Amino acid sequence: MDFIIEATIKAVKDLYGISIDTTVINLQETRKEFEGQVTLVTFPLIKYSKQSPEQTGNEIGAFLSNTLPQIEGFNVVKGFLNLSLTDSFWKSKLFSEILDENFAIFKPNGKKVMVEYSSPNTNKPLHLGHVRNNLLGFSVAEILTAAGFEVVKTNLVNDRGIHICKSMLAWKKFGNGETPTSSGLKGDHLVGKYYVLFDKEYKKQIEELKAIGQTEDEAKKNAQLILEAQAMLQKWEAGDEEVIALWKTMNTWVYEGFAETYKAMGVSFDKFYYESNTYLLGKDIIEEGLRKGVFFRKEDSSVWIDLTDEGLDQKLLLRSDGTSVYITQDLGTAQLKYNDFHMDKSIYVVGNEQDYHFKVLFTILEKLGKQGADGLLHLSYGMVDLPSGKMKSREGTVVDADDLMNEMEQTAKTHTENLGKINGFSEEEKLELYHTIGMGALKYFLLKVDPKKRLLFNPNESVDFQGHTGPFIQYTHARIRSVLNRVDTMLADTIYNEKLDIEERDLIVALSNYPTIIQTSAEGYSPAVIANYVYDLAKIYNKFYHEKSILQAENEQIKQFRLQLTNASGKVIKHAMSLLGIEVPERM
RNA sequence: GCACUUGUAGCUCAAUUGGAUAGAGCACCUGACUACGGAUCAGGAGGUUAGGGGUUCGACUCCCUUCAAGUGCACCA
């Protein structure tokens, strides 16, 4: 709508003799209850016009409809100037933009962005919280790619530390050599089972110690199991062959399990980083910071940074014994990633519980003057809560990712069978469809919510398949395909003499917004923008579909025109859904 | 206690980033042509945008304040 903005600037110049900036021009889509498709808000302009908002609207409206052939009429309601664009404008919008094969395809912008997401621990299987993280990360990567960025998806695997040793130790003590093969358990679930078992046995020991007079804190420190786990960690760090071998074995099980889950979720990565390789990094950055005077050393020789000027605290960066803390290795890893890829932006998809950590991390990197520091972003998302509150693995209230996905497929199966519309599907096709629909429902459910907001998931009320849902949009696509599959000749006519019906025009307007929507969602790193758009689009298409006959249209020209509209809608729906990582079926 | 985030219909979410009479879905009620797929469409009911104050032509949006919920404040990761 740039031409309207330009013309408005000219209008203000010609009418009132003042040059204005584009920023004071506020264009928006006209509300349904009024005539017109584009609305100019006149309030910001009245200080130049020195007229009432109505008067200003009328004067600019008259100017615009006189100078712009695309505008056929206008009306002013309060301070809002509603512009009606001609049919031929909207038709050419459809024929020359929307139906063009390059529609909504952005040229590469030459910028590289890294999206780090997933980043699991290798001591237990993934749960619903991870699912949100993975879907968000993947979708944001798709959206940025569509917006013209070169995207590198990375996964920083937390594969070492005391928690890993806990499952290792429990397996060694109580496992009797159990393996995924021998037990039939998925690798990550098997390892997770021993993590839980460790906790159970550990608690028992704590109780025993308390019974003989130790305090809670003492008991936690002195319990045999935790001492053994700590000893195991030390052995791991010392490179003890036996411990390393066990670690490798169990991690391999976990990776095999994760690979399955990732595949089911439909996410992927370009580069894996492992903390077992990066946990010692960062010490040279400590030296650098000390040299530059950004960090300081206390008498006990621990190293700190003072961030009180930034409204943060003093932060420990290196212990008095010279060993690193968490943020030390994050500093090192940030440097490593930059050295590897030289990206312009680096996005960390991590829950909002780490807001403070990332504020500190980014501030430090900035203070050090690190390259790429200005492109760092914490994509902070809200926790997934159950009606009972937070998920707690130790209390068994986690929603397991694999279980959840299976349930979704089962529900999809039940719905589909009840409707009985898939005659002729092979068993394989059926399974694929159930997966597509079940995951569509789940992904849409999680992605339609603004990332920064917390999300409530009620396992007892299954995710809907009707209304504002993934399957609703998938269904719209399937119906579009069904119509298109019934015609054997589709002409690419670009001449259309009939008057546009409201439903047709509304659809063109919605379709034409798509590139802007991609832009907006990329700028805000928000798949929810796409999700809400594609739902609106599907609704508008369904309205059109219901009101207008396509195959039985009044004449062949109208039929062909509506087929093209249908075709364009199907393509945009499919593309937008793909940005959410959701597939759309041909039939369902 | 301090810091950050959030609070919109009974429930789950929107609101073009300060614009019109705050919109959808679910649930509830009513209706839909012998037509291209009814996982659809149309209509009804449902709101003091947590409360109060302020800025503005205009506030769900910005500022102050009270309340409520969540998260973070380790020589843990």
Side-chain angles (χ1 to χ4, degrees), chain A residues 26-34 39 41-44 46-47 52-53 77-80 82 121 158 160-163 275 279 298 300 302-304 311-313 316-327 329-330 351-357 359 380 382-383 385 389-390 412 415-416 418-419 421 437 441 445 448-450 452-458 461 463-469 471-476 478-487 513 516-517 520 524 528-529 531-532 535-536 538-539 542-543 545-553 559 562-563 566 587-588:
Chain A
N26 188 341
L27 279 188
Q28 54 190 282
E29 213 169 300
T30 303
R31 288 201 162 219
K32 263 190 155 178
E33 56 266 41
F34 303 106
T39 294
V41 185
T42 62
F43 293 103
I46 57 175
K47 62 175 155 184
S52 70
V77 181
K78 294 183 176 178
F80 297 87
N82 303 317
N121 290 341
N158 186 345
R160 52 141 255 130
I162 189 71
H163 49 291
E275 288 199 10
Y279 80 108
K298 287 193 177 175
D300 63 2
S302 56
V303 177
W304 298 71
L312 307 170
D313 298 321
L316 175 89
L317 301 174
L318 202 64
R319 294 193 188 99
S320 49
D321 63 4
T323 55
S324 340
V325 288
Y326 185 53
I327 200 157
Q329 65 167 286
D330 265 10
N352 61 13
E353 55 202 345
Q354 297 205 41
D355 283 356
Y356 186 79
H357 171 76
K359 245 186 225 173
S380 163
M383 298 287 98
D385 288 325
K390 203 180 172 179
H415 276 267
T416 308
N418 286 342
L419 291 168
K421 293 183 186 174
I437 297 174
F445 180 82
K448 77 171 182 189
V449 182
D450 183 341
K452 69 170 180 289
K453 294 197 178 174
R454 62 183 264 271
L455 196 146
L456 189 81
F457 183 84
N458 191 339
E461 298 171 12
V463 174
D464 277 325
F465 282 63
Q466 277 155 7
H468 190 178
T469 66
F472 169 90
I473 300 162
Q474 290 174 320
Y475 171 76
T476 306
R479 211 161 53 168
I480 285 173
R481 293 306 308 163
S482 169
V483 172
L484 294 177
N485 285 332
R486 282 170 182 272
V487 294
N513 286 337
T516 312
I517 292 292
T520 307
V529 172
N532 287 308
Y535 169 66
D536 283 336
K539 253 195 343 180
N542 282 336
K543 168 97 175 168
Y545 177 91
H546 193 263
E547 300 294 326
K548 300 295 162 193
S549 198
I550 301 165
L551 300 178
Q552 313 298 326
K559 175 179 163 185
R562 289 181 182 161
L563 281 172
T566 297
R587 286 177 63 194
M588 65 186 276

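Keep in mind that this is a model prediction, so the values were computed, not measured. No hydrogens, no waters, no symmetry mates; every other heavy atom, side chains included, goes into these values.
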Within this structure, what is the [atom1]-to-[atom2] distance between [X] and [N], rounded to whole angstrom?
{"X": "A/K543", "N": "B/G25", "atom1": "NZ", "atom2": "P", "answer": "12 Å"}
{"X": "A/I517", "N": "B/U17", "atom1": "CD1", "atom2": "C1'", "answer": "13 Å"}
{"X": "A/H468", "N": "B/C13", "atom1": "NE2", "atom2": "P", "answer": "12 Å"}
{"X": "A/Y326", "N": "B/A77", "atom1": "OH", "atom2": "C1'", "answer": "6 Å"}
{"X": "A/Y535", "N": "B/G23", "atom1": "OH", "atom2": "C1'", "answer": "10 Å"}
{"X": "A/L455", "N": "B/U12", "atom1": "CG", "atom2": "P", "answer": "10 Å"}
{"X": "A/I550", "N": "B/C41", "atom1": "CD1", "atom2": "C1'", "answer": "14 Å"}
{"X": "A/K448", "N": "B/G25", "atom1": "NZ", "atom2": "C1'", "answer": "6 Å"}

Would you classify [X] as touching base, sugar-phosphate or nothing, given that sugar-phosphate means primed atoms plus P, OP1 and OP2, and contacts are heavy atoms under 4.0 Å?
{"X": "A/V325", "value": "sugar-phosphate"}
{"X": "A/D385", "value": "nothing"}
{"X": "A/N485", "value": "nothing"}
{"X": "A/N158", "value": "sugar-phosphate"}
{"X": "A/I437", "value": "base"}
{"X": "A/L456", "value": "sugar-phosphate"}
{"X": "A/E353", "value": "sugar-phosphate"}
{"X": "A/M383", "value": "nothing"}
{"X": "A/T416", "value": "base"}
{"X": "A/K548", "value": "base"}
{"X": "A/T39", "value": "base"}
{"X": "A/A478", "value": "base"}

Separation of the [atom1] atoms in [N] and [M], to the nearest angstrom:
{"N": "B/U30", "M": "B/C62", "atom1": "C1'", "answer": "43 Å"}
{"N": "B/C63", "M": "B/U55", "atom1": "P", "answer": "15 Å"}
{"N": "B/A22", "M": "B/U61", "atom1": "P", "answer": "14 Å"}

[X] vs [Y] side-chain heavy atoms within contact, under 4.5 Å:
{"X": "A/N352", "Y": "A/R454", "value": "no"}
{"X": "A/V463", "Y": "A/F457", "value": "yes"}
{"X": "A/T39", "Y": "A/F34", "value": "no"}

task = Could you pick out which residue, A/D450 or A/D536, lies toward the 5' side of RNA chain B when each is mapped onto its nearest nucleotide?
result =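 Closer to the 5' end of RNA chain B: A/D450.
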Could you say whether the aromatic ring of [X] and the base of [N] stack, counting only centre distances under 5.5 Å and plane angles under 30°?
{"X": "A/Y475", "N": "B/G37", "result": "no"}
{"X": "A/F43", "N": "B/G58", "result": "no"}
{"X": "A/F80", "N": "B/A20", "result": "yes"}

query = Among A/D321, A/L318, A/L316, A/V325, which residue meets the side chain to side chain contact (heavy atoms under 4.5 Å, CB included) test with A/S302?
reply =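 Among A/D321, A/L318, A/L316, A/V325, the one meeting side chain to side chain contact (heavy atoms under 4.5 Å, CB included) with A/S302 is A/L316.
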Pairing partner (Watson-Crick or G-U wobble, both distances under 3.5 angstrom) of [N]:
{"N": "B/A45", "result": "none"}
{"N": "B/G10", "result": "B/C26"}
{"N": "B/A15", "result": "none"}
{"N": "B/A32", "result": "B/U40"}
{"N": "B/G1", "result": "B/C73"}
{"N": "B/A59", "result": "none"}

message = Does atom NZ (A/K298) have a neighbourhood of more than 12 heavy atoms from anything else shown, all under 6.0 Å?
response =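 Counting other residues, nucleotides and ligands, NZ of A/K298 exceeds 12 neighbours.
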request  = Mind telling me whether A/F43 and A/F80 have parallel, tilted or perpendicular rings, with 30° and 60° as the class edges?
outcome  =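 Rings of A/F80 and A/F43: perpendicular, as their planes differ by over 60°.
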query = Taking the inter-plane angle between the rings of A/H415 and A/F465 on a 0 to 90° scale, is it parallel (under 30°), tilted (30 to 60°) or perpendicular (over 60°)?
reply =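 Answer is parallel, since the angle falls under 30°.
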A/P44 side chain, from C-beta outward: closest of B/U40, B/G19, B/C75 =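 For A/P44, the side-chain atoms sit closest to B/G19.
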